[in-house]
Amino acid sequence: MPLSNQANKLLEALINCVGKSRVLTLPSQQQAYVVGIVSSSHKPQVSAVVVPDKLLTMWHVLTICASFDAIIIAQAANTSLTGGSTPFGEYDRPVVVLSMQDLGGVHLIDDAQELVALPAASLQQLEALLAPLGREPHSVLGSSCVGASVIGGICNNSGGMLVQRGPAYTEMALFARRNEAGQFELINHLGIELGDTPEQILPRLEQGDFAPKDIQQPSSRSCTNHHYQHKVRDCAAATPARHNNDPSGLFEASGSAGKVIVFAVRVATFAKAAKECTFYLSSNDAAMLTRLRREWLSSELGLPVFAEYMHRRYNEVTLRYGRDTCLSMRKLPAARIGDLYRLQAKMAYYLDKWHLPKTLPNRVLQGLSVLMPAALSSRLAEQALAFEYHLLIKVTDDDIDPARDFLQRYIKASVSQLTQCHPKESEQLLIFRSAATAAMFRYHNLNANAFGELISTDIALPRNAEDWDEVLPPNLQQDIKETFYLGHFFCHVMHQDYLLMPMADNNKVKDELLAFYDQRGVAYPAEHNVGHTYKAKPTLSSFYKKLDPTNSLNPGIGRSAKWKNWRSSPLLMEESND
């Protein structure tokens with residue numbers, strides 16, 4: 001399809017800004033950027049994917065897009081489980097996908113008690129950087145995906161595994177906002193003196209060209225969530241501990257979901273414990289686990305580092321279909337894993353173009369995986385398959401002995417098994433948990449003829465709920481063939497995946513599923529972007545409109561209006577702005 005004169009001028013300006021090799025226009029080049037980890041048959045049309053290699057260059061890309069009134073969809077790692085950083089459907093203006101994958105970097109400040117993360121900095125990179133210093137980042141790995149970026153977590157209300165720290169959050173960020181006049185403003189709320197103009201600020205930020213005297217200690221602004229420990233312990237509350245629409249988690253970059261362009265965030269780090277211990281608790285008694293959670297959170301016991309839940313069905317598919325993912329997470333740095341995702345997406349494009357089976361890469365990897373090391377030690381694997389419900393509980397320092405005594409008392413009351421893991425097993429379990437979703441995706445992919453579509457949800461149960469072991473009503477049971485459940489058990493946040501019957505109507509099942517959640521007082525999504533999957537509730541929708549008054553950044557997010565100035569129809573574009 002020939003490009004319009006205006007579209008050609010936009011491409012020419014972008015190429016002059018970043019270079020021809022960094023403006024991707026061919027479908028084969030764009031595939032990895034316009035489709036997230038959860039593949040889709042939808043083929044969005046975009047003018048270009050732009051991959052700048054400097055922060056100042058990214059600023060110039062923004063100003064070019066504004067001058068052509070182009071839509072910008074920004075992404076870092078493009079995990080995009082809900083489509084929240086990829087284009088979807090039709091738009092009323094040219095669309096530019098802005099990939100920040102080459103804009104990595106981390107600057108430690110205040111003796112590594114805080115850090116400044118640039119767009120492509122990942123959780124795994126932070127872990128590797130901080131470990132020799134005896135510090136840790138807010139989150140670990142990725143509970144549903146690998147290679148997640150720090151800024152992506154902040155923008156999408158990611159909660160993660162860690163019970164003690166709560167959702168990713170900061171009030172200290174440097175970001176670009178498109179104002180009512182359609183112009184971008186660069187806003188520096190990092191609390192670091194970097195200059196007055198983008199040309200001064202962005203190169204200094206990128207190079208870490210600032211001294212201790214330039215850094216202000218936060219007073220009214222926070223770079224972490226200070227309240228979650230108290231909130232999560234309130235087991236009598238009829239509301240969730242955390243969820244995407246919680247107004248206390250929405251502040252400028254935090255929860256922005258692409259409605260501002262974030263150049264950097266300032267976040268806290270945490271002291272690494274001197275001793276760690278992971279317990280693997282397995283049982284067939286759901287009521288026992290309910291009592292355990294409530295009693296632990298209501299007691300004087302310290303909060304665990306994490307308390308992760310996995311159902312046996314998830315264990316089964318991860319042991320079989322997750323070997324290569326577990327191995328890559330143990331051996332490869334985050335950047336290489338991101339490269340593998342992009343290679344896989346490009347392969348998917350050519351397989352489709354050449355009418356080859358889309359399952360071919362997964363079949364090859366699955367065949368090779370039998371030659372790879374097992375994901376878990378033999379004793380952990382045996383335990384993982386012997387019981388229905390499983391908790392991975394990590395505690396530290398002075399909490400280890402009291403936690404052991406507490407857990408041993410519980411297993412005496414039911415048919416259960418408690419294993420105290422050695423360090424290698426602890427690492428295996430954490431990686432196993434993080435690889436589970438990818439393993440389930442492969443299981444669905446390789447058995448596509450037996451199933452219909454896949455529905456993935458992440459939900460926040462009320463803190464006082466006891467129905468975490470979900471029983472589907474008859475109308476859903478007839479359309480859902482298999483279920484997979486895991487989650488952050490003490491936080492009562494669950495990741496739930498449903499493989500539908502071959503002829504089931506995906507939209508009908510999704511609507512019935514959300515109605516079932518509503519009946520139970522469940523909030524959704526819990527810690528992922530609303531994407532194009534969920535409808536943003538009024539609090540979140542108002543937040544988006546305030547951040548992006550012209551609706552030019554990631555329009556349509558949360559099933560909101562996609563048209564300029566938040567109009568209800570593209571046909572009204574020529575009307576005056578009321």
Side-chain angles (χ1 to χ4, degrees), residues 4 6-7 10 34 36 42 44-48 61-75 80 82-98 152 154-157 173 175-187 243-262 511 514 523-525 528-578:
S4 68
Q6 192 74 349
L10 170 62
V34 299
H42 174 71
Q45 298 293 317
V46 302
S47 297
V61 169
L62 299 185
T63 60
I64 290 169
C65 289
S67 68
F68 284 89
D69 200 20
I71 287 167
I72 300 172
I73 300 174
Q75 61 183 224
S80 199
T82 59
S85 57
T86 50
F88 184 84
E90 300 298 322
Y91 296 88
D92 59 349
R93 289 153 287 169
V95 177
V96 173
V97 173
L98 178 63
I154 294 290
C155 293
N156 295 327
N157 300 112
F175 58 94
R177 174 182 179 270
R178 195 171 182 190
N179 61 25
E180 291 83 350
Q183 304 302 311
F184 276 101
E185 305 167 336
L186 188 63
I187 300 171
H243 58 98
N244 189 282
N245 196 54
D246 184 349
S248 68
L250 305 176
F251 188 90
E252 296 181 344
S254 294
S256 58
K259 285 298 186 178
V260 294
I261 307 298
V262 184
D511 289 343
L514 296 183
Y524 52 84
H528 290 160
N529 193 314
V530 288
H532 297 283
T533 301
Y534 302 99
K535 182 175 178 59
K537 292 183 172 64
T539 298
L540 194 57
S541 181
S542 297
F543 178 63
Y544 291 160
K545 289 180 179 180
K546 181 179 179 182
L547 290 179
D548 181 20
T550 66
N551 201 22
S552 299
L553 304 176
N554 211 2
I557 195 84
R559 298 186 180 180
S560 61
K562 300 178 76 171
W563 320 120
K564 186 175 179 180
N565 297 327
W566 297 93
R567 297 191 180 281
S568 58
S569 167
L571 301 177
L572 302 177
M573 286 297 302
E574 300 303 321
E575 295 182 10
S576 62
N577 190 5
D578 298 330

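Quick note: numbers below take in every heavy atom, side chains included, and nothing from hydrogens, waters or symmetry partners.
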Just verifying a value: how many Å separate [X] [atom1] and [Y] [atom2], rounded to the nearest 0.5 Å?
{"X": "Ser560", "Y": "Leu540", "atom1": "OG", "atom2": "CG", "value": "9.0 Å"}
{"X": "Arg177", "Y": "Ser256", "atom1": "CZ", "atom2": "OG", "value": "12.5 Å"}
{"X": "Leu547", "Y": "Phe251", "atom1": "CG", "atom2": "CZ", "value": "10.5 Å"}
{"X": "Arg559", "Y": "His532", "atom1": "CZ", "atom2": "NE2", "value": "11.0 Å"}
{"X": "Glu252", "Y": "Ile154", "atom1": "CD", "atom2": "CD1", "value": "12.5 Å"}
{"X": "Thr550", "Y": "Glu180", "atom1": "OG1", "atom2": "CD", "value": "8.5 Å"}

Least distance between heavy atoms, [X] atom then [Y] atom:
{"X": "Phe175", "Y": "Val262", "result": "CB-CA, 4.0 Å"}
{"X": "Val260", "Y": "Ala253", "result": "CG2-CA, 4.4 Å"}
{"X": "Leu250", "Y": "Gly255", "result": "CD2-CA, 4.0 Å"}
{"X": "Pro549", "Y": "Arg178", "result": "CD-O, 3.3 Å"}

- [ ] Test side chain to side chain contact (heavy atoms under 4.5 Å, CB included) on Leu98 and Ile261 and set out the steps.
- [x] CA-CA 10 Å; Leu98 178 63; Ile261 307 298; 4.3 Å; yes

Open item on the list: Checking the side chain of Asn529 only, and the main-chain atoms of Asn156 only, is there a donor and an acceptor separated by less than 3.5 Å?
Closed with: no

TODO: State whether the side chain of Asn179 and the backbone N or O of Glu185 hold a donor-acceptor pair below 3.5 Å, judged by distance alone.
DONE: no

- [ ] Classify the ring geometry between Tyr534 and Tyr524 as parallel (under 30°), tilted (30 to 60°) or perpendicular (over 60°).
- [x]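 If you compare the ring of Tyr534 with that of Tyr524, the planes turn out tilted.
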
Open item on the list: Would Val96 and Leu10 count as a side chain to side chain contact (heavy atoms under 4.5 Å, CB included) here? Give the steps.
Closed with: CA-CA 10 Å; Val96 173; Leu10 170 62; 4.2 Å; yes

Task: From CA spacing to verdict: side chain to side chain contact (heavy atoms under 4.5 Å, CB included), Ile73, Tyr91 - done: CA-CA 12 Å; Ile73 300 174; Tyr91 296 88; 3.8 Å; yes

TODO: Determine the sole option in Lys564, Lys259, Arg93, Lys562 for which the side chain to side chain donor-acceptor pair (under 3.5 Å) test with Asn551 is passed.
DONE: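 The passing option is Lys259.
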
Task: Check: Pro525 and Val530 side chains under 4.5 Å, non-hydrogen atoms - done: yes

Open item on the list: Whether Arg567 and Asp92 form a salt bridge (side-chain N of Lys/Arg under 4.0 Å from carboxylate O of Asp/Glu) is what I want to check.
Closed with: no

TODO: Return each pair, listed once, that meets side chain to side chain donor-acceptor pair (under 3.5 Å) where at least one residue sits in residues 535-545; pairs must be two or more places apart or across chains.
DONE: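 Side chain to side chain donor-acceptor pair (under 3.5 Å) check on residues 535-545 returns no pairs.
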
- [ ] Might you work through the side chain to side chain contact (heavy atoms under 4.5 Å, CB included) test for Phe184 and Leu553, ending with a clear yes or no?
- [x] CA-CA 11 Å; Phe184 276 101; Leu553 304 176; 3.9 Å; yes

